[in-house]
Enquirer: 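Input: one structure, supplied below.
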Amino acid sequence: MKPLYADAGSGILFNLCGEVTMGDAALPEGVIMLPVKKMAEKIVMSPGARLAGIRFHPAIGYGVLGRHYDKPTLLLPADDQLYHLYKMFTELQLMTQDNTRQVEALSQWAHHNLDFTNVIPDCLETALESIEQGDSPGQLSESAPLSQRQIERHFRSWLGMTPKHYQRILRIKQAICFLRGHKNANLADVAYAFGFSDQAHMTREFRTIARITPRQV
């Protein structure tokens, strides 16, 4: 059992064999299209389960696949005309004992089947970078040539969330990475460093989005 923290990204999961549960959903063997991760959940794998997959940065999954999924969804072979994911699935099954070959195969598949050039609008990319640099979600129109309402519309279309929620996810993700490397850190200082109003605010945000407390991390 492992936690899957929210990262505002989406992905493709190849369930090669074994019993796998993500959140409350049991995943069948096959190609699973994953929704944008807005809140953390647990993945439970039985002994012998084998997984492989691709994780997209925020907005990229929608850019290359052209749609969102509201829950982990089994891709039917009849719907796999564009990207030939089940061909990749079969190749991965033959490499279950060789992780290096699996990664190489996935990289080659992505190189030949996905176009990452100009995959998201420049204005959205600018807004994402601005939030990563600490700008307020309410001031994004100052750095992008769109109104605040247009920017929020882009976020809902491409990420399925508001700029504010994206900022919350990013802030918690950064704090988790820091806490993993600084296990004796003062939590009040961490809260201040990552833009939370205080330690209690950080703990509430962690419970809501990461479903774990900073101290547990």
Side-chain angles (χ1 to χ4, degrees), residues 1-120 124-125 128 157-161 166 169-170 172-173 176-177 180 209-212:
M1 182 172 64
K2 294 183 178 295
L4 298 176
Y5 293 119
D7 62 358
S10 59
I12 302 171
L13 181 70
F14 298 92
N15 184 7
L16 303 175
C17 65
E19 297 180 5
V20 180
T21 301
M22 185 178 295
D24 297 326
L27 304 185
E29 290 187 10
V31 180
I32 311 295
M33 311 303 286
L34 298 176
V36 173
K37 184 69 68 181
K38 301 177 185 178
M39 294 185 180
E41 59 189 355
K42 288 184 172 63
I43 184 168
V44 181
M45 296 167 284
S46 66
R50 300 289 295 182
L51 302 176
I54 293 173
R55 195 78 191 151
F56 295 115
H57 287 288
I60 300 296
Y62 181 78
V64 297
L65 300 177
R67 63 166 294 182
H68 288 302
Y69 294 85
D70 59 0
K71 61 182 179 180
T73 302
L74 177 68
L75 180 69
L76 300 177
D79 297 328
D80 184 31
Q81 306 302 317
L82 188 58
Y83 296 112
H84 310 294
L85 288 162
Y86 273 97
K87 179 181 179 182
M88 184 75 263
F89 176 82
T90 301
E91 292 180 17
L92 291 171
Q93 281 188 315
L94 299 175
M95 308 173 188
T96 53
Q97 303 305 318
D98 193 333
N99 290 340
T100 299
R101 286 183 63 204
Q102 285 186 327
V103 171
E104 290 174 351
L106 285 169
S107 297
Q108 291 176 6
W109 172 86
H111 177 72
H112 288 103
N113 290 277
L114 302 181
D115 182 7
F116 291 107
T117 57
N118 299 320
V119 71
I120 63 175
L124 177 59
E125 188 170 1
L128 291 170
S157 296
W158 290 75
L159 285 87
M161 67 183 71
Y166 176 71
I169 289 174
L170 187 64
I172 289 172
K173 181 180 177 182
I176 286 174
C177 289
R180 282 175 167 173
I209 294 177
R211 296 179 177 175
I212 193 173

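None of these values were measured; they are calculated from a predicted model.
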Enquirer: Closest heavy-atom contact between Leu76 and Tyr86?
Expert: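 Taking every non-hydrogen atom into account, C-CE1, 4.1 Å.
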
Enquirer: Determine whether Tyr5 and Ile212 make a side-chain contact, defined as any pair of heavy atoms from C-beta on separated by less than 4.5 Å.
Expert: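 They are in side-chain contact.
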
Enquirer: Do Thr100 side-chain atoms and Asp98 backbone N/O form a donor-acceptor pair below 3.5 Å?
Expert: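 Between the backbone of Asp98 and the side chain of Thr100 there is no qualifying donor-acceptor contact (under 3.5 Å).
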
Enquirer: Tell me the side chain to side chain donor-acceptor pair (under 3.5 Å) pairs involving residues 59-69, sequence neighbours left out?
Expert: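 Passing the test, one end in residues 59-69: no pairs.
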
Enquirer: Would you compute the distance between atom CG of Leu85 and atom CD1 of Ile12 and round it to the nearest 0.5 angstrom?
Expert: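 It comes to 5.0 Å.
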
Enquirer: Starting at CZ of Phe14, measure out to CG of Leu27 and round the result to the nearest 0.5 Å.
Expert: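 With rounding to 0.5 Å, CZ (Phe14) is 14.0 Å from CG (Leu27).
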
Enquirer: Taking all non-hydrogen atoms of both residues, which atom of Ala59 and which atom of Leu159 are closest, and how far apart?
Expert: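 So the minimum-distance heavy-atom pair works out to CB-CD1, 3.7 Å.
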
Enquirer: Say you draw a straight line from OG1 of Thr90 to CD of Gln93; how long is it, rounded to the nearest 0.5 Å?
Expert: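 Between atom OG1 of Thr90 and atom CD of Gln93 there are 6.0 Å.
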
Enquirer: Can you name the side-chain contact (heavy atoms from CB on, under 4.5 Å) partners of Cys17, sequence neighbours left out?
Expert: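 Cys17 satisfies side-chain contact (heavy atoms from CB on, under 4.5 Å) with Glu29, Arg50 once adjacent residues are dropped.
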
Enquirer: Given side chains that start at C-beta, do those of Phe56 and Leu114 come closer than 4.5 Å, heavy atoms only?
Expert: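 The answer is yes; the side chains approach within 4.5 Å.
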
Enquirer: Under the side-chain contact (heavy atoms from CB on, under 4.5 Å) test, which residues partner Lys87, sequence neighbours left out?
Expert: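 side-chain contact (heavy atoms from CB on, under 4.5 Å) list for Lys87, sorted by chain: His84, Glu91.
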
Enquirer: So which heavy atom on Leu124 is nearest to which on Ile120, and how close?
Expert: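 Result for this residue pair: CD2-CB, 4.4 Å.
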
Enquirer: How far apart are the closest heavy atoms of Asn15 and Pro28, and which atoms are they?
Expert: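 Asn15 and Pro28 have their closest heavy atoms at ND2-O, 3.0 Å.
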
Enquirer: Closest approach of Ala52 and Leu13, non-hydrogen atoms and distance?
Expert: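 So the minimum-distance heavy-atom pair works out to O-CD1, 3.5 Å.
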
Enquirer: Can you find a pair of side-chain heavy atoms, one from His57 and one from Leu128, that are under 4.5 Å apart?
Expert: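 No, side chains not in contact.
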
Enquirer: Which pairs with one or both residues in residues 54-65 pass salt bridge (charged side-chain N to carboxylate O under 4.0 Å, His left out), sequence neighbours excluded?
Expert: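 Residue pairs passing salt bridge (charged side-chain N to carboxylate O under 4.0 Å, His left out), neighbours aside: Asp7-Arg55.
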
Enquirer: Can you confirm whether Leu106 sits close enough to Leu92 that some side-chain heavy atom of one is under 4.5 Å from a side-chain heavy atom of the other?
Expert: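 Yes; the side chains approach each other to less than 4.5 Å.
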
Enquirer: Under the side chain to side chain donor-acceptor pair (under 3.5 Å) definition, can you give me all pairs with a residue in residues 107-116, not counting sequence neighbours?
Expert: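 Side chain to side chain donor-acceptor pair (under 3.5 Å) check on residues 107-116 returns Asp115-Thr117.
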
Enquirer: Would Leu16 and Gln102 count as a side chain to side chain contact (heavy atoms under 4.5 Å, CB included) if you check the C-alpha gap in whole Å, the side-chain angles of each, and the deciding distance to 0.1 Å?
Expert: CA-CA 12 Å; Leu16 303 175; Gln102 285 186 327; 3.5 Å; yes

Enquirer: What donor-acceptor contacts under 3.5 angstrom involve side-chain atoms of residues 30-47, with partners at least two apart or in another chain?
Expert:
residue	atom	partner	partner atom	Å
Lys37	NZ	Glu41	OE2	2.5
Lys38	NZ	Gly160	O	2.6
Ser46	OG	Glu19	N	3.1
Ser46	OG	Glu19	O	3.3

